[in-house]
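Read through the structure below, which is laid out as structure tokens, and then see the notes.
FYI, the numbering just counts along the sequence from 1.
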Amino acid sequence: SPQPVGCGRSSRRARARRIPRSRCEVEVEPPDWLPRLEAELRRVGSFQLQGHRDLLREDIQIKRDASGETSSVTRWDVESEAMIRDWLARELPQHSFLGEESGNDRRDPAHYWLCDPIDGTSNFTKGIPFWGSSLGYWRDGVPQGGAIYFPALDQMFTAWRGGGAW
């Protein structure tokens, strides 16, 4: 029989990480909300694409994180994250959310979404088309799936634990 992803022969690793075997079950079918999530990432991508086309040098800010590292941020980063956060709050109101720009919105710690609203902001600011919204879902501390949409290329990539990537 097929082994659950992340468990099976690696159950010692799962035990070392204190992941109960029951949490290592394979998700064969993606959740029913995945097509709606993809549609939302496309909607956010359309907003980002307009910003990418209209971007001016003064739209680019430099932020410093707690460790002193610097990175670029634009209003499209901040507003895109708010759009994704709002969508998740409507669709999955019990789920927690951690965004690169706005931080942690803790609800149910068993369900966590991690978001980089523009993964590749540096490319976004330089006119390079390899950037997009990246969103990952963790359940009970175990990665379950994710999606990234590259609006400038109109390419969506999704993956789901045990269900593959497409």
Side-chain angles (χ1 to χ4, degrees), residues 6 17 19 23 27 30-161 163 165-166:
R17 291 176 47 213
I19 300 172
R23 287 178 33 201
E27 287 285 342
D32 62 348
W33 43 257
L34 189 58
R36 295 190 309 274
L37 172 66
E38 290 174 351
E40 179 62 13
L41 290 180
R42 288 182 187 282
R43 184 181 78 84
V44 170
S46 177
F47 166 75
Q48 293 171 337
L49 200 51
Q50 189 60 49
H52 179 68
R53 291 179 181 134
D54 297 343
L55 187 71
L56 301 172
R57 184 175 300 255
E58 53 268 19
D59 293 327
I60 304 166
Q61 304 295 313
I62 303 299
K63 67 176 182 175
R64 186 175 306 275
D65 65 20
S67 68
E69 296 291 318
T70 60
S71 62
S72 301
V73 66
T74 68
R75 76 175 180 93
W76 289 276
D77 290 273
V78 175
E79 291 179 32
S80 296
E81 185 172 302
M83 293 167 74
I84 294 167
R85 178 188 295 266
D86 291 347
W87 181 85
L88 282 167
R90 284 190 313 272
E91 289 286 320
L92 303 162
Q94 73 280 16
H95 288 204
S96 297
F97 181 88
L98 178 61
E100 180 181 26
E101 307 306 333
S102 62
N104 198 1
D105 186 5
R106 189 178 175 118
R107 294 183 187 113
D108 179 354
H111 298 276
Y112 243 103
W113 290 90
L114 307 168
C115 177
D116 186 343
I118 299 181
D119 197 350
T121 300
S122 180
N123 287 347
F124 179 86
T125 63
K126 294 174 184 171
I128 300 169
F130 303 106
W131 52 268
S133 292
S134 177
L135 195 59
Y137 172 61
W138 288 57
R139 186 178 64 221
D140 294 321
V142 178
Q144 298 299 309
I148 185 166
Y149 177 58
F150 294 102
L153 305 173
D154 191 25
Q155 292 185 330
M156 175 80 65
F157 299 94
T158 55
W160 198 255
R161 178 177 284 284
W166 56 100

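To the nearest 0.5 Å, atoms CG (Leu41) and CG (Leu135) are separated by 6.0 Å. Between the SG atom of Cys115 and the CZ atom of Phe97 there is a distance of 4.0 Å, given to the nearest 0.5 Å. Remark: Glu101 CD to Asp116 CG distance equals 7.0 Å, nearest 0.5 Å. Rounded to the nearest 0.5 Å, atoms CZ (Arg43) and CD (Gln48) are 11.0 Å apart. Residue Glu100 holds its CD atom at 8.0 Å from CG of Asp119, rounded to the nearest 0.5 Å. One distance of note links CE of Met83 with CZ of Phe47; it measures 6.0 Å at 0.5 Å rounding.
The minimum heavy-atom distance between Phe124 and Leu55, with the atom names listed, is O-CD2, 3.9 Å. Closest approach of Gly132 and Pro151 over heavy atoms only: CA-CD, 4.0 Å. Ser67 approaches Asp65 most closely through the heavy-atom pair OG-OD1, 2.8 Å. Minimum heavy-atom separation, Ser96 to Pro109: OG-N, 3.9 Å.
One N or O on the side chain of Asn123 and one on the backbone of Phe130 form a donor-acceptor pair closer than 3.5 Å. With hydrogens and angles ignored, the 3.5 Å screen pairs no side-chain donor or acceptor of Arg75 with any backbone N or O of Asp59. Ser72 places no side-chain N or O within donor-acceptor distance of the main-chain N or O of Ile62, the cut-off being under 3.5 Å.
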Indicate every side-chain donor-acceptor pair of residues 31-38 with a distance under 3.5 Å to a residue at least two apart or in another chain.
unit_1, atom_1, unit_2, atom_2, d
Arg36, NE, Glu91, OE1, 2.8
Arg36, NH2, Glu91, OE1, 3.1

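Considering only residues two or more places apart in sequence or on other chains, Thr121 meets the side chain to side chain donor-acceptor pair (under 3.5 Å) condition with Asp77. When the side chain to side chain donor-acceptor pair (under 3.5 Å) test is applied to Thr70, no partner is found at least two apart in sequence or on another chain. Shown here are the side chain to side chain donor-acceptor pair (under 3.5 Å) partners of Ser102, two or more places apart in sequence or in another chain: Glu81, Arg85. By the ring pair (Phe, Tyr, Trp, His ring centres under 6.0 Å) test, Tyr149 pairs with no residue at all, sequence neighbours left out. Judged as a side chain to side chain donor-acceptor pair (under 3.5 Å), and not counting sequence neighbours, the contacts of Gln50 are Asp54.
A salt bridge links Arg107 with Asp105: the closest approach of a Lys/Arg side-chain nitrogen to an acidic carboxylate oxygen falls below 4.0 angstrom.
Each of Tyr112, Tyr137, Trp87 was evaluated against His95; a single residue qualifies, Tyr137, per the ring-ring contact (aromatic ring centres under 6.0 Å, His included) test.
Residues Arg42 and Asp154 are in side-chain contact: their nearest non-hydrogen atoms beyond the backbone lie under 4.5 Å apart. Residues Trp113 and Ile84 are not in side-chain contact: their nearest non-hydrogen atoms beyond the backbone lie 4.5 Å or more apart. Between Gln144 and Trp138 the shortest side-chain heavy-atom distance does not fall below 4.5 Å.
Crowding of Lys63 atom NZ: a count of heavy atoms from other residues, nucleotides or ligands under 6.0 Å exceeding 12.
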